[in-house]
Protein chains: 2
Amino acid sequence: MPPKDFISALEVAQRAGVSRSAVSRTFTPGASVSAETRKKVTDAAEALGYHVNELARGLMRSHSGIVCLIVSDVATPYRSALLRELTGKLQNAGKVAMLINTDRSDGSVDRALSQAIRYRADASIILSGLPDASIVRLCLRNGQRLVLINRDDDEPGPLKINLDDFEAGERIVTAFARAGCKSLAFANSDAGTPSLMGRERGFVAAATRCGLEVSVERYGWTGYEAGRVLAQRFLTRSRRPDAVFCATDLLACGFMDAARHQFGISVPDQMCIAGFDDIEQASWLSYGLTTFAQPVAEIAAKTVGWLSVDDNGNDNGLQSVRLTAELVWRTSIRAA
Amino acid sequence: MPPKDFISALEVAQRAGVSRSAVSRTFTPGASVSAETRKKVTDAAEALGYHVNELARGLMRSHSGIVCLIVSDVATPYRSALLRELTGKLQNAGKVAMLINTDRSDGSVDRALSQAIRYRADASIILSGLPDASIVRLCLRNGQRLVLINRDDDEPGPLKINLDDFEAGERIVTAFARAGCKSLAFANSDAGTPSLMGRERGFVAAATRCGLEVSVERYGWTGYEAGRVLAQRFLTRSRRPDAVFCATDLLACGFMDAARHQFGISVPDQMCIAGFDDIEQASWLSYGLTTFAQPVAEIAAKTVGWLSVDDNGNDNGLQSVRLTAELVWRTSIRAA
DNA sequence: GCAAGCTTTGCACACGCTTGCAAACAAGCG
DNA sequence: CGCTTGTTTGCAAGCGTGTGCAAAGCTTGC
């Protein structure tokens, strides 16, 4: 197989009998080409299998069409759902998604952003971790847009999208109270991210305000296994809680499974459970988890919309978006 | 904020007091630079916040470092797990992943490949759908490598990675037989992909060979909901199967949930269930699903390994890899 | 028929980088 | 010291594209 390089605009031009600028303009929306030459060009391009070289194009224009998605734990239900929405909407907006995995190590996000710069990405969307302020400034200085999702940074410049975590924590307390629960518990990961802590603080605040007993445990990462461990901790106590709010649906699934299958507890009769995210599994028959829904579609829409506003124009003052997580009722909290 | 363009190698060169070539060579592994000038260059680069422009670099070199992942239904547990492995290993190999979502519409994969060409990707990995032969040839002709995962095409050129689906179907029959099951069922999606059909054919073949009763239903897409519908179909029959092999873990979860919660069937006492993929949920306490494990790590390793063999050298004859899916035993099939 | 206005087209430069080539330089050897 | 060999370094020619500028072509109105 001869690794003959790609067809260039020059070859198309020669075959079509026009100048190279003509073929360039043919593939540039809004450029001035007569219908006749356009036809000649597209025909030749078709015949030769010509495809514009976006790398070269990105070299000339200041934008590449690339948007970096910086994320850890891609395989997690909530993360992958958000990924689906983002990539889909980005494609519809004519952008292309570059996926960068981070781990939880230090500097991981910084390395990702550095890659975004090397590929001259138009924007970076950060779903996990928090980058160093200096590299954030570097990105912004070069016209790269930044979106922080659920990251709660207050540096000006990036668009910040956050949920009403604190209020959700409060709201679920009243739901538990209405179900007649007296002894509340919050099962958290010890990752300590602002979203998780916001939910916790709202929950504890509302519980004490209502005069309800409340206790908190934190363990591991926000996954199923951690939920089981947390159940172990809460359910081997002398006095068990009768309502537990898990910081994450995955935690909730693990917690519920342990409660039912290892401790023989009946949910929601003996214990009410709620989660956060509304991952697909929350709706499965085995769980029927009452939970707060992350508005992933809306998050993605807001993000991509902000990226698509006119470049040359005003920086439209939007700096921060706050969305509310709706509580979707299923069967893990008993009726009042 | 002044959209002052990115720092170029020229500016670094001027500040360092060397030629532009020197800074280029400093960032090109294996190029000839003295330790002294390298130091001057890296210092200047650091001070100025210089980052190599990979777009321009990809214009010169014949490879861009970009690898396209073409996939539909990213948010699915198996798909996202594979995605995690692939992106991780690609990054370790110094490549960068470009994610392209496809839907199930016609030409969707072709459009994705066309984008891969426009960005001069070094390779494309296709996890969903099957591209048109003509565009495959176009990719290959231009030195773009292609990997088809579980797609079962026989065009020469791409690397094809497949599982022993047929054999898995056979193996699970003997497991069912050993558990004393008499009436077998296969719950499939009607997507009709080669992997799914392979599992079905292997299952049916082995069952009839063993003289066991066997019936097949196909419905919808390979998700949880389809599993519930399939359960409905099988379990409202006059004669219920006592063992069902689901083409996919998601189908199995839906099936099992419906069987237990809607039909009050006890698994595995009254009915044995097996799945395929070994998604995370299969190991959750509520399911304990006995299933075949997709060797995602191995698939990713084989893929990235193949992409990393020396370009200039031989095309190393490898064209097709066949991996085996190990059966992982849990509790959804009763012991013999 | 001519001037004015608009559209189309080609030229040529720029984008930021890599790399072959040859000059410059350093070192080893008789 | 001269010759040879090996290492650095700068020059300049690209890579494939977009786009300003001016020339050319076409249309319109008088």
Side-chain angles (χ1 to χ4, degrees), chain A residues 3-41 44-45 48-66 117-122 142-143 311-312, chain B residues 3-41 44-45 48-66 117-122 142-143 311-312:
Chain A
K4 167 167 183 333
D5 247 348
F6 288 85
I7 303 291
S8 78
L10 181 57
E11 306 177 57
V12 177
Q14 286 167 346
R15 172 164 182 141
V18 299
S19 83
R20 202 188 50 74
S21 330
V23 14
S24 176
R25 285 190 245 263
T26 304
F27 292 100
T28 304
S32 159
V33 218
S34 74
E36 185 189 10
T37 51
R38 153 164 282 133
K39 172 98 175 73
K40 285 197 285 190
V41 168
L48 264 47
Y50 169 72
H51 290 248
V52 176
N53 186 336
E54 294 285 350
L55 270 47
R57 178 176 269 182
L59 200 55
M60 278 300 303
R61 305 181 167 172
S62 48
H63 55 276
S64 59
I66 297 177
I117 294 182
R118 289 205 313 277
Y119 278 91
R120 298 303 188 257
D122 297 344
N142 296 115
D311 266 304
N312 42 6
Chain B
K4 166 165 182 333
D5 246 350
F6 288 86
I7 303 293
S8 79
L10 180 58
E11 305 177 57
V12 177
Q14 284 167 347
R15 174 164 180 140
V18 298
S19 81
R20 196 204 0 262
S21 331
V23 16
S24 176
R25 283 192 246 263
T26 304
F27 292 101
T28 304
S32 158
V33 217
S34 73
E36 185 189 9
T37 52
R38 152 164 282 131
K39 173 99 176 71
K40 285 197 285 190
V41 169
L48 263 47
Y50 170 72
H51 289 249
V52 176
N53 185 335
E54 296 284 350
L55 268 46
R57 177 176 269 183
L59 202 53
M60 278 302 301
R61 304 182 167 171
S62 48
H63 55 276
S64 59
I66 297 177
I117 294 182
R118 290 205 313 277
Y119 277 92
R120 298 302 188 259
D122 297 344
N142 295 115
D311 267 304
N312 41 7

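Any value given below was found using the heavy atoms of this structure, including those in side chains, with hydrogens, waters and symmetry copies removed. Here is the naming used below: chain letters follow the sequence lines, and residue numbers restart at 1 for every chain.
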Protein-nucleotide distance ([X], atom [atom1]; [N], atom [atom2]), rounded to Å:
X      : N      : atom1 : atom2 : answer
B/Y119 : D/dG16 : OH    : C1'   : 15 Å
A/R120 : C/dC15 : CZ    : C1'   : 11 Å
A/R61  : C/dA14 : CZ    : C1'   : 15 Å
A/L55  : D/dG18 : CG    : C1'   : 15 Å
A/E54  : D/dG18 : CD    : C1'   : 12 Å
A/N53  : D/dC15 : CG    : C1'   : 9 Å
B/R38  : D/dT7  : CZ    : P     : 15 Å
B/F6   : C/dG16 : CZ    : C1'   : 12 Å

5' precedence on DNA chain D between B/S19 and A/V52 (nearest-nucleotide basis) =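 That would be B/S19.
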
Closest to side chain of [X], choosing from [options]:
X     : options                : result
B/R25 : D/dC11, D/dG14, D/dG18 : D/dC11
A/A22 : C/dG10, C/dT18, D/dT17 : C/dG10
B/V18 : D/dG16, D/dG10, D/dT17 : D/dG10
B/M60 : C/dA12, D/dT9, C/dC17  : C/dC17
A/L59 : C/dG16, D/dG18, C/dC17 : C/dG16
B/S8  : D/dT9, C/dC17, C/dC11  : C/dC17
A/T28 : D/dG18, C/dG16, C/dT19 : D/dG18
A/S32 : C/dT8, D/dC15, C/dT18  : C/dT8

Hey, is the main chain of B/S8 close enough, under 3.5 Å, to the side chain of B/E11 for a donor-acceptor pair?
-> yes

Look at the side chain of A/S64 and the backbone N and O of A/G58, then say whether any donor-acceptor pair between them is shorter than 3.5 Å.
->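 Checked: no pair found.
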
Hey, is the side chain of B/S21 pairing donor to acceptor with the base of D/dC11 inside 3.5 Å?
-> yes

A/T28 side chain reached by A/R61 side chain, heavy atoms, under 4.5 Å |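 A/R61 reaches A/T28 side chain to side chain.
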
Contact summary for A/L48 and A/I7, nearest pair of heavy atoms = O-CG1, 3.4 Å

When you match A/S34 and B/Y50 each to their closest nucleotide on DNA chain C, which lands nearer the 5' end?
->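 Comparing both residues, the 5'-ward one is A/S34.
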
N-O pairing of B/R57 and B/E54 below 4.0 Å | yes

What nucleic acid atoms does A/S62 come within less than 4.0 Å of, heavy atoms only: base, sugar-phosphate, or nothing?
-> nothing

